[in-house]
Each structure stands twice: as structure tokens, then as C-alpha cells.
Amino acid sequence: MFTPVRVRFAPSPTGPIHLGGIRTALYNYLFAKKNGGRFILRMEDTDQKRYIRNAESHILESLKWCGIVPDEGIGFGGPFSPYYQSKRGYIYRFYLNQLLQNGYAYYAFDLDQDLDQKRTDFQKHGIFFSYNYKTRMNFNNSLTMTKKKLAIKLKDQNPYVVRFKMNPGEQLKIHDIIRGNIEMNTNYLDDKILLKSNGTATYHLANTIDDHLMKITHVIRGEEWISSMFFHILLYRSFGWNPPYFAHLPLILKKNGKGKMSKRNYEETIDPIFPIKWMDPNTKKMIPGYRELGYLPESFINMLALLGWNPGGNQEIFSLKELEQSFSLEKIQKSGVLFNMKKMVWFNRRYLNRNKEKVFTFLCKELKKRSIFHRYKKNYLYRVIDLTIDRIHFIHEIWDHSFYFFIDPYYYDQQYLLYNHEKYQYFLHQLEKLHNLLFSVTPFTLDNLKIVFQDKVDKNMWKIYMKLMRLSLVGVFKGVDIMIILEMIGKKQSMNRIKKLINEINTKTI
RNA sequence: GGCUCAUUCGUCUAUUGGUUAGGACGUCAGGUUUUCAUCCUGGAAAGAGGGGUUCGAUUCCCCUAUGAGCUACCA
């Protein structure tokens, strides 16, 4: 029978979401879309101690910014609510009792200090301590006490945890969609805690039960979960459930390639790791995200999609729709990856060209800020954007590269003026000539300007004229073609700016 | 320490038994732009090492090395 694909992204609200989390969410989302399935968002908030207040909204807002929209779950409803694990305690207790009754789990009353003592004792002998089939009979648990004593302990409300009773000696062979078969002997697995002494389920228990109850068909998550996969499989088996398919993604490594990227790394690197801004609750410091730094969500997603996955060809630019069509788990890479910041910038530049409206909106804001918005027509603004968009990498850079279409230079290349101060008289003379020359151009069109300069300006004077004009119009030696600037800002403005530079030079007494 | 996973240019990757090992970012060199950016052309740059299997291995197997993950009453 055909079972519809159901995948989930299940973050834990213990901090801000970073690149890696977004990529995991993205791959889940793409897989669901590709297969006509559903993408579920579940909050794995079983650890109340590590709960961080604004983490959940950071995750939700980040996903929203990226355009990764769940079909079901937090904020989207669905038949399997609640989608917060903190609200599903009664469910976990119910299933845990099954495990207890069937002998797959047991109560353990060991105190923290006893366990710590054991750990250090073992370490002294050079052995790593593990609560497992070898050691469990030396501890204070329901396997080592009479039923009567257990009943008394429970009745007296002694704090306890529930542990999974791991059966040794079995060679497990699990298929991972990305990695193929992975083997593990249960001898190496320990008696993991299922229920903490505060009465809440651990991740392992909650995750397994929820994935089953929510009919998750494919578990797509980071490589750090490979080790736990075997334990999870055994849990499914103990419940008598069929496990889902597994796909473990390669990790996104820190910039130096040493260790996986973590939400705690943001202070070690100037490169952003969060999609949107995050305020450190301790230092109250605001860490900007890709959104704040001027990256477009489309380029961010495109970059992330290709970080560990590639459909096989040479195409690099993919819209979300295209990604949805071509995504497949089999094409995911096995080894850890590094995030290439320069390529991210390149992607952003490519996407700017496809999002001129956003640049337009930003430019309008800049003009309104200066109360000069009303002076310009939409066509003019789009012309400016067309002329300058290739020069910018981020939306907010547009003003620095286009201000001279709107306002006089507020700064002149001082270096150039100082360096040539002995030529001031000469400059002034030429600027006057330029001023007159522009005055003679009627009408002030691009064609006419070109003709006038060609006819009336001596070839070997071009260079100095262009320099002086650029200095007058832009203030510095950058920007689009001088003739185009002249035409765009018009005769009056152009001549004014030349006068302004003349004044500037005149006031410089050297 | 134990277990598990990984290993193609600096980075992301294609090719997966027979290729001059391809592309992209970056980098370098030229050209266009009488500025700057863009753009164009070109170059340098890789199969971790060692054994097998095979007529032939980057591709399959083994070992070694290196890296990573896990080894919590974190997820």
C-alpha cells in the first residue's frame, strides 16, 4: 500500500537556529514537496533546563524568512497535535509503561553522586564507564531488587529514572538512504535513560513515539544522530512498530573545518551563522543574521541547498520551485562541508538582478529619508537601478553607488586634489571651459553630448576632462559612464556641480 | 580510550571500472569599460598513502593516516 511521505523538522528551542538547522529543515521540506508529502514542524522542548525564551520565535521567524512553510505542526495545526513535546508527557508515560511491563525498560534509583563516583573509579583504571549490560547489576535498580522493595521505593516517592534494557550481543545492520548499510553491535550500546527523574521523557523516547504517532515516513537529520539511530531502532522494535527510513546529512563544519558548526560559535567568527538576527540573552548583544546583512532569502536558500547536495549537472542557480522538483536524498553528499562565504556573496549578487523591486523599494526609502523622493519618476529610479545593479552585492549598497543621480557629491577625492594642488589654476581654467561647453549642448541628450565632446574636445584633453567631470559629478573616481550621468541629471545640475567644484578648489588655499 | 561515519582542485561539487578527471566560487594573467565595478578570454589548481581484485581503478575490497560525530537525567 502506498503511504504518503511525511517528514518533520524537530528543533529544540535551546538557542537560535543556524545554517545547519535551516539546511536540515530545507532538505526535509524539499523532500516532502518533491514527493507530494507533508512537512511537519514539531518542537522538541523536552529539556526544560536548557529552554531559552526567544529561541522558538527565532526558529519560526527564520523558517518564515527562508520561505520554508510547514504543512502541519506549530502554527499550522494538524491531526496530531499538540506538536510541542512538553505538552505530550501523558502520551510518553502511557507508552513507557508498555516498555516497563514487557521488560524492555527498568527503574533505576541511582544517585548522581554514586554514578559520578563509579565514573571516576573506572577512569582510574583506564576504563570508560558505561551503564550497560555489564554494569547494570551492580546498581540500585529494579533488576537488582525484589518486587516488594521496588513497590516500596516507588510508593515512598524515591526519585528514579527509567532506563532502556539494552540486550547485548546483537549485530544490527541499518540502512541509511545516504550512507548505505551501517552496522553496530549492541554490546557497545548503553542503557539509555528514557524518563528523567523530573518525570519528563528524554529526547530519544519522545522522538521515537512522536515519529511513530505522527506517521513520519522518513527521518532526515544531521549526522550527529547516527549513533543514536540504533537505539531508536531498538525502541521501535520494543514497541512493535516499524521504523521509518533514515537519512543522515553531512555536517556543516566550522570555518576551519575543525568541529561542527554550532549556535555557540558565533563569537569566534565574523561570518554570520544565523539566518536572522539573534539577541544573546546573557550579553544582550545583537548578532545580525543574513537577513540583516542584506542577503536575500532566495540566495541564502540556494547556497544552502547546494551545500551537500547537487542534482548532477552544472546548474547553480535554483529557485525554490526548481529545488522542489529536482531534489533527491540519494544525491546528498556523505562528507562534512564548509560554508563558502565568498560564494554566498556571489549568489546574492546573482539574485539581486532577479529582485530589482526589492532594490527599488530600498532606494525609495533612501530618497524619502532625504525628502527628495517626490522629485523622481519610477522610470528614472529603475533606470538608475539598471545602471548600477551590477556594482552592488547587497541591497543596502545601492545608495553608495547611485547617490550621484540624486544629490551633489558630499565629498571630493581629497587625495587627488591634494596631490595635484599645483595644478589648481589649470583645473579651474579647464573647469570653466567645461562649464561653457556643457552650456552649449542643446538639447542636452546623450547623443548630443557625445557629438559635442567628439567635435570640440581635443583627443588628448579627454582624459583630464573626464577626470574633472567625474570629480564634479560624483566626487570620486567611480561610477557609471560620465556621459550617461550628464544626461540623467540634466544640464542645470551638471553645470551646477561643475561650479561647485570650482568653488571647492577656490576655497582651498595652498 | 571505545564505537561509528567520512576522505576528488583552497572551497562546493561532476564523473562512479577505460575521461586530456568537467563545472562553480575564489585566485592569477590579459582584454573591454578614457574611472571604478561589471563583463569577456585565458592560466594555475584535485582523486590522502599503501596494498589487493582487474587487461585497466578516482570508481570495488583491505590496511594505514587524517578528519568528524557519538560516548549526559542535552538535543
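Since we're looking at a predicted model, the values are computed, not measured. Chain identifiers are assigned alphabetically (A, B, ...) following the order of the sequence lines, protein sequences preceding nucleic acid strands; residue numbering begins at 1 within each chain.
When rounded to the nearest whole Å, the span between CZ of A/F339 and C1' of B/rA68 equals 20 Å. The separation between A/F230 atom CZ and B/rG69 atom C1' is 12 Å, rounded to whole Å. Going from atom CE of A/M166 over to atom P of B/rG2 covers 21 Å, rounded to whole Å. The CD1-C1' distance, from A/I174 to B/rC3, rounds to 15 Å in whole Å.
The side chain of A/S335 has B/rA6 as its nearest neighbour among B/rA14, B/rC5, B/rA6.
Rounded to the nearest Å, the gap between the P atom of B/rC9 and that of B/rG2 is 29 Å. Separation of the C1' atoms belonging to B/rA65 and B/rA48 is 7 Å when rounded to the nearest angstrom.
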Which donor-acceptor pairs under 3.5 Å do the side chains of residues 330-342 of chain A make with protein atoms, sequence neighbours left out?
unit_1	atom_1	unit_2	atom_2	d
A/N340	OD1	A/K342	N	3.1
A/N340	OD1	A/K343	N	3.2

Run the side-chain donor-acceptor check on residues 398-410 of chain A: report pairs under 3.5 Å with partners two or more places apart or on a different chain.
unit_1	atom_1	unit_2	atom_2	d
A/H401	ND1	A/E397	O	3.2
A/S402	OG	A/I398	O	2.7
A/Y404	OH	A/H401	O	3.4
A/Y404	OH	A/V480	N	3.1
A/D408	OD1	A/R497	NE	3.0

Between N or O atoms, less than 3.5 Å apart, protein on one side and nucleotides 59-64 of chain B on the other: list the pairs.
none

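For A/R163 and A/Y107, the positive end is not near the middle of the six-membered ring at less than 6.0 Å and at most 45° from its axis. A cation-pi arrangement is absent between A/K433 and A/Y465 under the rule of less than 6.0 angstrom and at most 45 degrees off the ring axis. Geometrically, A/K153 engages A/F109 in a cation-pi contact, judged by NZ or CZ lying under 6.0 Å from the ring centre and within 45° of the ring axis. The cationic group of A/R354 lies under 6.0 Å from the six-membered ring centre of A/Y351 and within 45° of the ring axis, placing it in a cation-pi geometry.
Near RNA chain B, meaning a heavy atom under 4.0 Å from it, residues 401-411 of chain A has no residue at all.
For A/R136 against A/D191, the heavy-atom pair with the smallest separation is NE-OD2, 2.6 Å.
Ion pair A/D210/A/R8 not flagged as a salt bridge, since none of the NZ, NE, NH1 or NH2 atoms sits closer than 4.0 Å to an Asp/Glu carboxylate oxygen. Using a 4.0 Å cut-off between charged nitrogen and carboxylate oxygen, A/K118 and A/D116 do not count as a salt-bridge pair.
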(message) Counting primed atoms plus P, OP1 and OP2 as sugar-phosphate and everything else as base, spell out the protein contacts along nucleotides 70-75 of chain B at 4.0 Å heavy-atom distance: B, S or - for each nucleotide, 5' to 3'.
(response) S--BBB

(request) Using a 4.0 Å heavy-atom cut-off, write out nucleotides 21-29 of chain B from 5' to 3' as B (base contacted by protein), S (sugar-phosphate only) or - (no contact). (result) --SBBS---

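Enclosure of atom NZ in A/K358 by more than 12 non-hydrogen atoms of other residues, nucleotides or ligands within 6.0 angstrom is indicated. Taking a 6.0 Å sphere around NZ of A/K356, one finds it holds more than 12 heavy atoms contributed by other residues, nucleotides or ligands.
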(request) In sequence, state the C-alpha distance, the side-chain angles, and the governing distance for A/Y160 and A/D110, and then conclude on side chain to side chain donor-acceptor pair (under 3.5 Å). (result) CA-CA 7 Å; A/Y160 65 87; A/D110 313 284; over 6 Å; no

(request) Run the numbers on A/N185 and A/Q171 for side chain to side chain donor-acceptor pair (under 3.5 Å), then give the verdict. (result) CA-CA 4 Å; A/N185 196 292; A/Q171 187 70 12; 3.0 Å; yes

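Heavy atoms of A/G312 sit under 4.0 angstrom from primed sugar atoms or phosphate atoms, though from no base atom.
Nucleotides of RNA chain B nearest to A/D481 and A/L387 differ in position, and the one nearer the 5' end is that of A/D481.
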